[in-house]
Protein chains: 2
Amino acid sequence: MTITMRDVARASGVSLMTVSNVINGRPGAVGTETRLRVLEAVERLGYEVNLTARRLRNGLTGTVGLIVPRFDHPYFGELAARLATELAKTGRHLSVEQSGASAEGELAALSHARIATYDAVLLSVVGLHYDDVDKLQTSVPIVLLGEQGMPRRFDHVQLDNEAGAHLATGHLIERGARHLLIVGGGDEGRQSMTAARTRGWERAQSDAGLTPRPDGVLELAELEVACARIAVRERLAQTPEIDGIFAVTDQVAFGVMAGVHDAGLRVPEDVQIVGFDNLALGEHMTPGLTTIDPSHDWMVQRAAALIDQRIAGQDVPPQHLISPSMLVARGTTRE
Amino acid sequence: MTITMRDVARASGVSLMTVSNVINGRPGAVGTETRLRVLEAVERLGYEVNLTARRLRNGLTGTVGLIVPRFDHPYFGELAARLATELAKTGRHLSVEQSGASAEGELAALSHARIATYDAVLLSVVGLHYDDVDKLQTSVPIVLLGEQGMPRRFDHVQLDNEAGAHLATGHLIERGARHLLIVGGGDEGRQSMTAARTRGWERAQSDAGLTPRPDGVLELAELEVACARIAVRERLAQTPEIDGIFAVTDQVAFGVMAGVHDAGLRVPEDVQIVGFDNLALGEHMTPGLTTIDPSHDWMVQRAAALIDQRIAGQDVPPQHLISPSMLVARGTTRE
DNA sequence: CGGACTTTCTGCATCGTTGTAAATATTTCA
DNA sequence: TGAAATATTTACAACGATGCAGAAAGTCCG
């Protein structure tokens, strides 16, 4: 049915291995005339190499896997797009899978079997548990992305959560906010992104001589727009003096903006808001979302470089890289 | 290095085939005692099946590919998430790839070689050209998704663009809009989603006894938030009498909302807006985005069912399914 | 003219898994 | 008890591509 190398070999009257040599452009292994004859047959029969067979034989397919918690968060979409572009520069291809939200096996995508399908795997660890990741034992290189504490034996590219949160909160204070909320904060698991950002939020207030409100941490069941919206609406009804909100992610910030509006308050006149991630859409909200930009391009470039190194087989100790972050001031905070 | 079936066989003192029989749970092919012995060895050695080898051997991996134009559009993220959930019901796994926006070969993801990696492929055809898709010649089942005219020999699940646009535009008129714009419209390629939605927009006006403005079609270089925002801002400066805008997608509608705001006008008092797609975020914009809901779940279920049929080898003529759409009225249109 | 090279090409074994058919062990029943 | 039937287990050959060692064929030089 499908055309194999054998068909091409037969059609051009050479051996299997010669076809392989032509296809892979091995230098000086096949005469010019033969090469042309083979290429003609390839063209004529419409032969294309079987990546599955190739991988079984020599272990590489040129495909890198990216495993994200869920497909439908803009953050991961943007991450995937950037990574795909960066990896394309070295001729690699990106394939994205989802780890969570699947019916039965939450971690099916993390199984050794699935990972072994790729030349390397980028694992977005948001929401994954340390132990789940620690179990991973594979010969395929794995690079971790994201803001959780994770086993040190993996390469890991992340950002400075505490510093970013400090920056965000400091900005709110500088622009006059005095009654601060962190939405999506909490401290379960000192290692979590949430806890680190909460620490930054607290420290920024101490540094400015403010005492964080005891009820300042608004925990969310999920870091989701709808959750955040409802929680903020209800909270503002109880404590209307709130005038500055740090949302732990932009996605949450979108919900916060809606919630503030629901409560009949204005942004930024009554309540100022800062998010975290610099999602593309934030710029086009009304008003534009002030946020923390975690140097996405930097992170993506580092991650891709690590991938290249590991695939090339370089045996250096695990790298742990931390990206610089900076503030992008827009309309949800005052001038 | 890696543990193979052979290792398990040796460790439990049985043949290779017996291990295979145990792993695949072939009924009545292996004695209880032996089964337990093998399973023990599997557990102890941490054996996991090599999907690459399995695929080479019997052609199936349980993985379905979804090819989207780009990763960073929320529409595709939501689509992927829904599909993943639906496919999980039959034990299949979804892997997402990007067709466009890659450096060299725009269509690398569409190559036979890559497609042959999956049990079946869902191809989101937005932005793809008829001819590119028509070239596809493969034994892997392909199901098309999306709103373009495409070769009839493929299964295709789409929605009624013209009817949806008619519904959206009719709603604007019913709520009092008289000077209508379609943002992202156009008529290049009668087959395109854009052209179909533009027809619906025109027809709804004729049906209501209105004459579409000759300058009513605002074409965009890309169906992007930023493009739409700038175009709308400039257009409203020229023709401030515009009081109703149909945005061809929600993504465009987000840009329209920002553009209207930039122009110093209010939504919905001065300008009413309707989008198309019912993206999750639309509900949480301020005001909430009125939009057309294309019955995503219906589409996803049909697509998954088609996949199942085709993988099972059912040889029925290509199916062409059209999803019903309905209006979701929210804050960007008046009461 | 013959050995030492080079160039070009080939056969074989292999990656890890599974279908087939046949071999061996076990049970059943006359 | 022995033949027939059933239950387990096995060897072998694929799937398609490629690394390796080496075979032909051609080239060079003393």
Side-chain angles (χ1 to χ4, degrees), chain A residues 1-39 41-42 45-63 112-117 119 138-140, chain B residues 1-39 41-42 45-63 112-117 119 138-140:
Chain A
M1 188 73 247
T2 37
I3 296 121
T4 82
M5 256 186 190
R6 165 166 278 105
D7 299 320
V8 177
R10 245 195 301 263
S12 48
V14 296
S15 82
L16 215 57
M17 200 51 218
T18 300
V19 178
S20 175
N21 283 331
V22 172
I23 297 290
N24 294 74
R26 274 180 265 273
V30 47
T32 321
E33 190 207 341
T34 319
R35 152 172 293 112
L36 291 175
R37 199 144 39 89
V38 171
L39 286 176
V42 166
L45 301 180
Y47 169 78
E48 289 199 59
V49 60
N50 180 325
L51 291 178
T52 305
R54 175 180 285 176
R55 160 159 261 281
L56 178 59
R57 184 54 234 247
N58 66 6
L60 293 182
T61 41
T63 303
H112 178 59
R114 215 158 270 294
I115 284 181
T117 297
D119 293 352
T138 156
S139 53
V140 174
Chain B
M1 190 69 245
T2 38
I3 296 120
T4 82
M5 256 185 191
R6 166 165 277 106
D7 299 320
V8 177
R10 244 195 300 262
S12 47
V14 297
S15 82
L16 215 56
M17 200 53 219
T18 300
V19 178
S20 174
N21 283 332
V22 172
I23 296 290
N24 294 74
R26 274 179 266 270
V30 46
T32 321
E33 189 208 341
T34 319
R35 151 172 294 110
L36 291 176
R37 199 145 38 90
V38 171
L39 286 177
V42 165
L45 301 180
Y47 168 79
E48 291 201 56
V49 63
N50 179 325
L51 290 177
T52 305
R54 174 180 284 174
R55 159 158 261 282
L56 177 60
R57 183 54 234 244
N58 66 5
L60 294 182
T61 40
T63 304
H112 179 60
R114 213 157 271 294
I115 285 180
T117 297
D119 293 353
T138 155
S139 53
V140 174

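Below, read A as the first sequence line, B as the second, and so on, with proteins coming before strands; counting in each chain starts at 1.
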Round to a whole Å and report the spacing from [atom1] of [X] to [atom2] of [N].
X: A:Met5; N: C:dC15; atom1: CE; atom2: C1'; answer: 15 Å
X: A:His112; N: C:dG16; atom1: NE2; atom2: P; answer: 11 Å
X: A:Asn21; N: C:dT10; atom1: CG; atom2: C1'; answer: 10 Å
X: A:Leu60; N: C:dC15; atom1: CG; atom2: P; answer: 17 Å
X: A:Ile23; N: D:dA17; atom1: CD1; atom2: P; answer: 9 Å
X: B:Asn58; N: C:dT20; atom1: CG; atom2: C1'; answer: 14 Å
X: B:Arg57; N: D:dA13; atom1: CZ; atom2: C1'; answer: 8 Å

Out of [options], which nucleotide sits closest to the side chain of [X]?
X: B:Met17; options: C:dG19, D:dG16, C:dT10; answer: C:dG19
X: B:Leu56; options: D:dG16, C:dT20, C:dG11; answer: D:dG16
X: A:Ser15; options: D:dA11, C:dT10, D:dA17; answer: C:dT10
X: A:Thr2; options: C:dT17, C:dG19, D:dG16; answer: D:dG16

- Query: Which residues, if any, of residues 30-39 of chain A bring a heavy atom under 4.0 Å of DNA chain D?
  - Reply: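 The answer is none.
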
- Stepwise side-chain contact (heavy atoms from CB on, under 4.5 Å) test for A:His112 and B:Asn50: CA-CA 9 Å; A:His112 178 59; B:Asn50 179 325; over 6 Å; no

Phosphate OP1/OP2 of [N]: any [X] side-chain N/O under 4.0 Å:
X: B:Ser20; N: C:dT18; value: yes
X: B:Asn24; N: C:dT18; value: yes
X: B:Arg6; N: C:dC15; value: no

Answer with yes or no whether the side chains of [Y] and [X] bring together a donor and an acceptor at under 3.5 Å.
X: A:Thr61; Y: A:Asp119; value: yes
X: B:Arg55; Y: B:Thr117; value: no
X: A:Arg35; Y: A:Thr18; value: no

Which atoms form the tightest heavy-atom contact between [X] and [Y], and what is the distance?
X: B:Ala116; Y: B:Val140; answer: CA-CG2, 3.8 Å
X: B:Val38; Y: B:Val14; answer: CG2-CG2, 4.0 Å
X: B:Leu16; Y: B:Met5; answer: CD1-C, 3.8 Å
X: B:Ile3; Y: B:Gly46; answer: CD1-O, 4.4 Å
X: A:Ala113; Y: B:Leu51; answer: O-CD1, 3.7 Å

- Task: Output the residues of residues 45-55 of chain A in contact with DNA chain C, where contact means a heavy atom of the residue under 4.0 Å from an atom of the strand; sort by number or write none.
- Result: none

- B:Leu16 near the nucleic acid: base, sugar-phosphate alone, or nothing, with a heavy-atom cut-off under 4.0 Å?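 The residue B:Leu16 makes base contact.
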
- Have a look at A:Thr18 and say if it touches a base, only the backbone sugar-phosphate, or nothing, with a 4.0 Å heavy-atom cut-off.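 Counting heavy atoms under 4.0 Å across all strands, the contact made by A:Thr18 includes a base.
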
- Find out whether B:Arg54 and B:Ile23 are in side-chain contact, i.e. whether some heavy atom of one side chain is under 4.5 Å from a heavy atom of the other.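 Yes. Closest side-chain heavy atoms under 4.5 Å.
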
